[in-house]
Participant: 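Right, I'll just put the structure down here and ask away after.
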Protein chains: 2
Amino acid sequence: MGFAETFKALSDPVRREILEMLKKGQLSAGEIGSHFDMTGATISYHLSILKKAELIKENKNKNFIYYELNASVVEEVMLWLSDLTGGREDNEGK
Amino acid sequence: MGFAETFKALSDPVRREILEMLKKGQLSAGEIGSHFDMTGATISYHLSILKKAELIKENKNKNFIYYELNASVVEEVMLWLSDLTGGREDNEGK
DNA sequence: GAGGTATTTAGAAATTTTTCTAAATACCTC
DNA sequence: GAGGTATTTAGAAAAATTTCTAAATACCTC
């Protein structure tokens, strides 16, 4: 729930790429990992950061763990950013 | 222009607080620094990160350097986030 | 339950980030 | 231009992050 964790999670390129992969739907840890030139342990580490930030949710099925985007936290971040730029008057001349 | 720099800049709590201070208008480096329990050198470091990420602009006036928010980069970040959650169909039940 | 696949955890090394102190730069006023 | 204030730069220490290898856990199938 803290922005610290959320923005920190978003600050790594690998984790942003994982989030982009999950746009189209859920994927298993293994499927995610096979898109990167890194060990499964490293991918697992990144997934744990995203999970702690609640940017993704997991659901286990058989021998796999599937990950999917958690849109609501992304929306909270957008609200924070929107509040940053809104509330100004001298923004109109672009 | 890269999201790496931008999100990294946003990932630090001090820098997010600086951005929030700038919501109301521009402030000098000294004014920003006096709100934190840190040396001016450290504040200068954080400002340099925000500047590199183009989240703030500076304008010099007399003996002061004033900083202000750069809304356009914030908006680019919001677009990226919006694209992440948009494009899904199973987002409606909530 | 034995063996197999999927994923995570632990521990360590390399890199990056954050902060400080001290010194440098810049520009202003007299 | 001398002295003063505002800010940045340099260099170093401490802390956090990212990655790996090796081992552990979890759960599935036969």
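All chains are named by letter (A, B, ...) in the order of the sequence lines, taking the proteins before the strands, and each is independently numbered beginning at 1.
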Participant: Which string of ( ) [ ] | and . matches DNA chain D, if you list each base 5' to 3' and count Watson-Crick or G-U pairs only when both distances are under 3.5 Å?
Facilitator: ||||||||||||||||||||||||||||||
Participant: Looking only at heavy atoms, which two atoms of B:Val73 and B:Glu54 are closest? And how far apart?
Facilitator: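 B:Val73 and B:Glu54 have their closest heavy atoms at CG2-O, 3.3 Å.
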Participant: May I ask you to test the B:Ile18-B:Tyr67 pair for a side-chain heavy-atom distance under 4.5 Å?
Facilitator: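 Not in contact.
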Participant: Determine the contact category for B:Lys60: base if any of its heavy atoms lies under 4.0 Å from a base atom, sugar-phosphate if only primed atoms, P, OP1 or OP2 are that close, otherwise nothing.
Facilitator: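 Counting heavy atoms under 4.0 Å across all strands, no contact is made by B:Lys60.
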Participant: State, with a plain yes or no, whether a side-chain heavy atom of B:Met21 is found less than 4.5 Å away from one of B:Phe36.
Facilitator: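 Yes. Closest side-chain heavy atoms under 4.5 Å.
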Participant: Which heavy atom in B:Leu69 sits nearest to a heavy atom in B:Leu19, and how many Å separate them?
Facilitator: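 Taking B:Leu69 first and B:Leu19 second, the nearest heavy atoms are CD2-CD2, 3.6 Å.
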Participant: Could you tell me whether the side chain of B:Met78 reaches within less than 4.5 Å of the side chain of A:Thr85, counting heavy atoms only?
Facilitator: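 Yes, at least one pair of side-chain atoms sits under 4.5 Å.
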Participant: Taking 5' to 3' order, which nucleotide of DNA chain D is first and which is last to have an atom within less than 4.0 Å of a heavy atom in chain A?
Facilitator: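 Nucleotide range with atoms under 4.0 Å of chain A: D:dT17 to D:dT29.
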Participant: Quick one: NZ on B:Lys51 to CD on B:Glu5, what's the gap to the nearest 0.5 Å?
Facilitator: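 Between B:Lys51 NZ and B:Glu5 CD, I get 13.0 Å after rounding to 0.5 Å.
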Participant: Answer whether the closest heavy-atom distance between the side chains of B:Tyr66 and B:Leu27 falls below 4.5 Å.
Facilitator: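 A side-chain contact is absent here, since even the closest heavy-atom pair is not under 4.5 Å.
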Participant: Is any side-chain heavy atom of B:Phe64 less than 4.5 Å from a side-chain heavy atom of B:Glu31?
Facilitator: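 No, side chains not in contact.
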Participant: Specify the residue among B:Asn63 and B:Tyr67 whose closest nucleotide of DNA chain D lies further upstream toward the 5′ end.
Facilitator: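 Final value for this comparison: B:Asn63.
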Participant: Do A:Glu20 and B:Trp80 have a side chain donor and acceptor closer than 3.5 Å?
Facilitator: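 The answer is yes; a qualifying pair exists.
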Participant: Mind running salt bridge (charged side-chain N to carboxylate O under 4.0 Å, His left out) on B:Lys8 and A:Asp12 for me, showing each step along the way?
Facilitator: CA-CA 7 Å; B:Lys8 226 158 215 168; A:Asp12 184 271; 5.7 Å; no
Participant: So if I take residues 36-50 of chain A and measure heavy-atom distances to DNA chain C, which residues fall below 4.0 Å?
Facilitator: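 Output list: A:Gly40, A:Ala41, A:Ser44.
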Participant: Rounded to whole angstroms, how far apart are CD1 on B:Ile18 and P on C:dT18?
Facilitator: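 Between P of C:dT18 and CD1 of B:Ile18: 11 Å.
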